[in-house]
Amino acid sequence: MSSLFNRLRNFMYGRYGFDQFGRFLFILSIVFWALSLIFRYTPLRRVYFVFWILNTLIYVFALFRIFSKNTYKRTLENEKYLRIRGRVFPKWIKFKTERLNKNYIFKKCPYCGAKLRLRRKKGKHTTRCPKCGTEFNVRIFFGE
């Protein structure tokens with residue numbers, strides 16, 4: 001069994017692998033697959049074929065990216081996807097980041113606007129901005 005994993009590891013050596021854009025493509029492929037199943041037994045057979053073809057093309061492109069040896073181009077594609085995703089879903093990304101950091105609260109410096117991560121400890125605190133060096137008071141309402 002371990003020789004199978006060694007063969008797989010040797011095969012994948014030098015190949016790009018899986019990233020955020022690849023994950024998005026696979027999820028999109030699953031969505032198109034589900035839509036094609038919904039429209040399969042309806043009078044709208046053309047819609048079924050459109051979703052089926054889109055599903056297949058996206059799935060093949062995702063596999064191509066995983067097995068590609070041109071890591072530079074795949075990295076550029078992933079960075080472009082992340083820039084677009086950052087513009088489209090900025091509030092979702094902010095919510096996700098703050099949800100993962102339950103022990104911290106995020107505040108902006110009133111002078112330079114830098115985003116600070118502070119311990120979530122209830123009460124009034126004085127903090128120093130690492131960017132501009134000014135001290136200011138912060139009040140945290142909910143905490144430990």
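For clarity, every value in this text was computed on a predicted model and none was experimentally measured.
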Partners meeting side-chain contact (heavy atoms from CB on, under 4.5 Å) with Leu28 (sequence neighbours left out):
Phe24, Phe32, Ile58
For a side chain to side chain contact (heavy atoms under 4.5 Å, CB included) check, start with the C-alpha distance between Cys109 and Phe136, then their side-chain angles and the critical distance, and finish with the verdict.
CA-CA 8 Å; Cys109 174; Phe136 58 95; 4.0 Å; yes
Looking only at atom types and distance, does a side-chain atom of [X] sit under 3.5 Å from a main-chain N or O of [Y], one as donor and one as acceptor?
X	Y	answer
Ser36	Trp33	yes
Thr75	Thr71	yes
Arg120	Tyr104	yes

Kindly determine whether Phe61 and Leu57 satisfy side chain to side chain contact (heavy atoms under 4.5 Å, CB included), including the steps that lead there.
CA-CA 6 Å; Phe61 180 62; Leu57 291 175; over 6 Å; no
Rounded to the nearest 0.5 Å, what separation is found between the [atom1] atom of [X] and the [atom2] atom of [Y]?
X	Y	atom1	atom2	answer
Asp19	Glu79	CG	CD	10.5 Å
Cys129	Glu135	SG	CD	11.0 Å
Asn10	Ser3	CG	OG	10.5 Å
Arg45	Arg40	CZ	CZ	7.0 Å
Tyr111	Lys131	OH	NZ	15.5 Å
Asn55	Trp52	CG	CH2	8.5 Å

Quick one: does Lys108's side chain get under 4.5 Å of Leu116's, heavy atoms only?
no
With ring centroids as reference points, do Tyr48 and Tyr41 lie under 6.0 angstrom apart?
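No.
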Please tell me whether Tyr81 and Phe21 form a close aromatic pair, meaning their ring centres lie under 6.0 Å apart.
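Yes, close enough.
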side-chain hydrogen bond (donor to acceptor under 3.5 Å, both in side chains) partner of Asn78, the single match among Gln20, Arg83, Arg65
Gln20
If you apply the rule side chain to side chain contact (heavy atoms under 4.5 Å, CB included), what do you find for Ile66 with Tyr16, and how did you get there?
CA-CA 5 Å; Ile66 288 173; Tyr16 186 67; over 6 Å; no
Considering non-hydrogen atoms only, spot the tightest contact between Gly133 and Arg128 and give its length.
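Of all heavy-atom pairs spanning Gly133 and Arg128, the closest is O-NH1, 3.0 Å.
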Heavy-atom pair with the smallest gap, counting every atom of Ile140 and His125:
CD1-CD2, 4.0 Å
Would you call Arg74 and Glu77 a salt bridge, taking side-chain N to carboxylate O under 4.0 Å as the test?
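Glu77 and Arg74: salt-bridged.
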Could you see if [X] belongs to whatever hydrophobic cluster contains [Y]? Use Ile, Leu, Val, Met, Phe, Trp, Tyr and a side-chain cutoff under 4.5 Å.
X	Y	result
Phe18	Phe64	no
Phe49	Leu37	no
Leu25	Val31	yes
Ile30	Leu54	no

Could you please spell out the steps behind the side chain to side chain contact (heavy atoms under 4.5 Å, CB included) verdict for Arg7 and Phe11?
CA-CA 6 Å; Arg7 286 184 195 167; Phe11 175 74; over 6 Å; no
Do Asn6 and Arg9 meet the criterion of a side-chain donor-acceptor pair at a distance under 3.5 Å?
yes
